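Residues: numbered from 1 along the sequence shown. Note that the structure is predicted; figures quoted are calculated from it, not measured.
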Amino acid sequence: MLWQREFWVGFWGGALAGSLAFTVTATWALFGDPVPQATAIPWCAGLGFLLGATGAQIQHTGLRRWASQYFGVDLRALAVLRIGLATAVLVDLAMRARDLTAHYSDAGTLPRNVNFFRPSHLSLHMLSGQAWVQGLLFAGAAVFALLMLVGWRTRLMTAVSWFLLISLQLRNPQILTGGDTLLRLLLFLGMFLPLGARYAVDSALNVSLSQRRQRVADLATFALLVQLACVYGFAGLLKTSDQWHSHGSAAYYALNIGMLTTPFGEWLLNFPRLLRASTFYVLYLELLTPLILFVPWRNGLFRTVLFVLLLAMHVAFQLAMYLGVFPFVGMVAVSVLIPSAVWDWGWQKIRGHRGARPVIYYDDTCPLGRRLALLWRTLLLVGEVRIRRASVDETIAELVKSENSWVVADAAGGRHLRFDALRVLMRHNRLLRPLAQGLSGKPCAALGNSLSRWAAANRRWLGRLTCCLQVRRRRIRSWWVLQPVLLIVIAYIVSYNLKSLPGWRISWLTAQTTIHLWGQPRLIPPQTVYQLGRQLRLDQNWQLFAPHPLLSDGWFVVKGYLQNGRQLDLRTGQPPTFAPPPRIAGTYPNMRWRKYMEKLRTPGRHTADIRRFCQYLCRDWNARHAPDEQLVRLELYFVKERTQPPHIPQRQVPQRVHTHSCPPLAARAP
């Protein structure tokens, strides 16, 4: 077998490299300081194995095919990336919309006049502080995300979704998490990728022969892989504490952060050995991800294993902790590692018998007919189904004209119309066969046939309405004009992440640089490249529970004094108490509030934020209550609880963070 030949070539290459390393180190030891053979020899042997095995693979497959596998990404994986990113944007908008006034209007916790984030001129959300304007921007972003989801004008919709996302994030950077950073970076790189080449409206209406391609390999796909390597590699490098390395207790401390832990995560605290193993699993998987990702020999196999391991890690994050959209976006991101062989195997499993392919006949006198046939073929994942004009067969043409319907001919010679034709196509996909069986009842058939007749009766009007869906021939190719830009983006991403490591300074990001334009030297002022990347929101930092997880936890108590003399906790509506709540995570409405409240523990650094938060609580409470229940004064407490090793009782220490007097009723605006 081929892989056996490659293995033995690599084996002898590793043996030769290891022998040379041993000879060099032994000779060096005779004339100078000894070289640590235990480190040098295995590394040289491993490098020799990879070079030998990779050379044998390239000799058999060819350099071009090997480079396509090594630097490329399957188009079906990019379609999954598009669908996942659009879904993440929609979910993120829905979650943020619950706090539209609190987080994005001038009546909330961060009015526009105190927004401290410098590149705010890129934010449309900074144009108005009214909640209804923010709602319109949210709705517009949702529309563009839906269009990106279905894959119509995919590149343009991706660019608009990215711009609206960074605009939204710049409006209130205080509530951003690592998932928000990863989402905007993937959307930015998605503008350079053919995300609509599969399972999209664009791909359905594209009848170019380039649709037969299954992979794309260029600097855009390489930049995507480099970004994934940076996410996990630098997340592992920044974990430098004993909790991650020697003690193996990082998972225990992470699951003791009550505001982030789910009930399943609390249950996992009963298994200390599992938590210790999970700590080292996460650490070494993150450190080894860049190496596994770019292994040159049999890269598809290694990436498949890496995909399974990273997917399991993100699923565990999703089940055990409240981390916002980060686990879901991570699952979507690692899907690009699935090689073409796995996609081909899956396609063979779900498609119907090749010899039993049905044929779709459409009315060629109506432009809507061909569009719908192409869309149905893509939507139902029956790409091998043939599409023909009804005029090629007189019997079919007469049937189409008399019934005013499209026709699907099966392998047995049967002719199916309207909703029954749709069920025939669904049965050609093994995944959709149960659904086709469930839709075979009389109520579903009657409803489906009624909709088909209505569409046939209004096909001229529907044809004009869908005039933007044009069947065309468009090659799937890279934007070579933008390849130099992508080189700069890759260099910026790697340099910015290196800058986050302790002791690293990247001079070209911040120093004055000279470039030559048309033969004339031009000086780029200091910080220009750095700030340009910040404007595009390429800035990133992957300190995920690094250098160690939080070693203390706690909850807030907001003691309010009402006009009628009553005292209560504004967050619960009950009498104030410092007793531990049943679940600390339940005291926060959502992940955005958890992130916002996290910094309010330290009044010295965030005094202004604490004051604005108290002002918001006064406005919000008094706007919703009667005059005799108006809030007069409030006291913000944080009950600090330092995480102790297992079997040691926790100790709670209440700390008063701030005291705030609400303006009297007469002093407030009507």
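- Contact check on Asp180 versus Arg184 returns no salt bridge, with no Lys/Arg side-chain nitrogen under 4.0 Å from an Asp/Glu carboxylate oxygen.
- Ser335 places no side-chain N or O within 3.5 Å of a backbone atom of Val80 that could act as its donor or acceptor partner.
- A distance of 12.0 Å separates CZ of Arg303 from CG of Leu301, quoted to the nearest 0.5 Å.
- Trp244 is listed as a side-chain neighbour of Pro549, based on a closest heavy-atom distance under 4.5 Å.
- Aromatic ring centroids of Trp593 and Tyr588 lie 6.0 Å or more apart.
- Although no hydrogens or angles enter the test, the distance criterion places no donor-acceptor pair under 3.5 Å between the side chain of Asp92 and the main chain of Ala88.
- Side chains of Ser500 and Asn541: a donor-acceptor N/O pair is absent below 3.5 angstrom, by distance only.
- To the nearest 0.5 Å, atom CH2 of residue Trp162 and atom OG of residue Ser167 are 10.5 Å apart.
- Summarising the geometry, atom OG1 belonging to Thr262 is positioned 11.5 Å from atom CH2 belonging to Trp267; distances are rounded to the nearest 0.5 Å.
- In this structure, CG in Leu288 is found 9.5 Å from CG in Leu306, a value given to the nearest 0.5 Å.
- The shortest side-chain heavy-atom distance between Gln543 and Lys239 does not fall under the 4.5 Å cut-off.
- Here the side chain of Tyr281 pairs a donor or acceptor atom with the backbone of Leu309 at under 3.5 angstrom.
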Give the C-alpha distance, both sets of side-chain angles, the deciding distance and a yes or no for side chain to side chain donor-acceptor pair (under 3.5 Å) between Gln243 and Ser241. CA-CA 5 Å; Gln243 286 83 1; Ser241 65; 3.1 Å; yes

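- No donor-acceptor contact under 3.5 angstrom links the side chains of Arg612 and Thr109, judged on distance only.
- Contact annotation: the side chain of Tyr253 never approaches that of Ile257 to less than 4.5 Å [non-hydrogen atoms, C-beta and beyond].
- Summarising the geometry, atom CZ belonging to Arg171 is positioned 10.0 Å from atom CD belonging to Gln174; distances are rounded to the nearest 0.5 Å.
- When all heavy atoms are compared, the tightest approach of Gly233 to Pro290 is CA-CG, 3.7 Å.
- In this pair, Phe222 and Phe71 present their aromatic rings perpendicular. The plane angle is above 60°, beyond the 30 to 60° band.
- Put simply, the side chain of Leu228 does not reach to within 4.5 Å of the side chain of Thr289, judged on heavy atoms.
- When side chains are defined from C-beta on, His658 does not count as touching Leu634, because their heavy atoms never get closer than 4.5 Å.
- By the 4.5 Å heavy-atom criterion applied to side chains, Cys230 and Tyr496 are not counted as neighbours.
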Could you walk me through whether Arg592 and His103 pass the side-chain contact (heavy atoms from CB on, under 4.5 Å) check? CA-CA 9 Å; Arg592 301 297 172 188; His103 291 158; 3.8 Å; yes

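- Side chains of Arg96 and Tyr104: a donor on one and an acceptor on the other come within 3.5 Å.
- Among the candidates Gln214, Lys349, Arg76, the single residue satisfying the side-chain hydrogen bond (donor to acceptor under 3.5 Å, both in side chains) test with Asp344 is Arg76.
- In this structure a side-chain-to-backbone donor-acceptor pair under 3.5 Å is missing from Arg198 to Leu75.
- Checked by atom type and distance alone, the side chain of Asp569 pairs as donor or acceptor with a backbone atom of Val558 at under 3.5 Å.
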Determine, stepwise, if the pair Leu285 / Leu310 fulfils side-chain contact (heavy atoms from CB on, under 4.5 Å). CA-CA 8 Å; Leu285 178 59; Leu310 291 175; 3.7 Å; yes

Checking Arg82 against Leu85 for the side-chain contact (heavy atoms from CB on, under 4.5 Å) test, could you report, in this order, the C-alpha distance in whole Å, the side-chain angles of both residues, the deciding distance, and whether it holds? CA-CA 5 Å; Arg82 183 198 79 242; Leu85 292 180; over 6 Å; no

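- Put simply, the side chain of Leu189 reaches to within 4.5 Å of the side chain of Gln227, judged on heavy atoms.
- Between Arg537 and Asp539 a salt bridge is recorded (basic side-chain N to carboxylate O distance below 4.0 Å).
- Aromatic ring orientation, Phe578 versus Tyr637: perpendicular (interplanar angle above 60°, classes split at 30° and 60°).
- Nearest heavy-atom pair across Leu110 and Pro173 is CD2-CD, 4.4 Å.
- The main-chain N or O of Tyr252 is found under 3.5 Å from a side-chain atom of Asn256 such that the two form a donor-acceptor pair.
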Checking Asp74 against Ile338 for the side-chain contact (heavy atoms from CB on, under 4.5 Å) test, could you report, in this order, the C-alpha distance in whole Å, the side-chain angles of both residues, the deciding distance, and whether it holds? CA-CA 8 Å; Asp74 194 279; Ile338 304 177; over 6 Å; no

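- Here the CD-OG1 distance, from Glu641 to Thr643, works out to 7.0 Å after rounding to the nearest 0.5 Å.
- For Gly72 against Thr221, the heavy-atom pair with the smallest separation is CA-OG1, 4.1 Å.
- What you find for Leu238 and Ala546 is that their closest heavy atoms are O-CB, 3.3 Å.
- In this structure, Leu78 and Leu195 approach most closely via the heavy-atom pair O-CD2, 3.6 Å.
- For Gly178 against Trp542, the heavy-atom pair with the smallest separation is O-CZ3, 3.8 Å.
- In this structure, the side chain of Thr279 engages the main chain of Leu275 through a donor-acceptor pair within 3.5 Å.
- Side-chain atoms of Ser495 do not come within 3.5 Å of backbone N or O of Tyr492 as any donor-acceptor pair.
- The aromatic ring centroids of Phe326 and His314 lie less than 6.0 Å from each other.
- Between the side chain of Gln540 and the main chain of Thr181, no donor-acceptor pair closer than 3.5 Å is present.
- With hydrogens and angles left out, the side-chain atoms of Asn590 and Asp99 include a donor and acceptor closer than 3.5 Å.
- Annotation for Gln437: atom CD does not count as buried by contact number, only 12 or fewer foreign heavy atoms lying within 6.0 Å.
- Side-chain contact between Leu551 and Arg642: present, with at least one pair of heavy atoms (C-beta onward) separated by less than 4.5 Å.
- Side-chain N or O atoms of Arg583 include one that pairs as donor or acceptor with a backbone N or O of Thr261 at under 3.5 Å.
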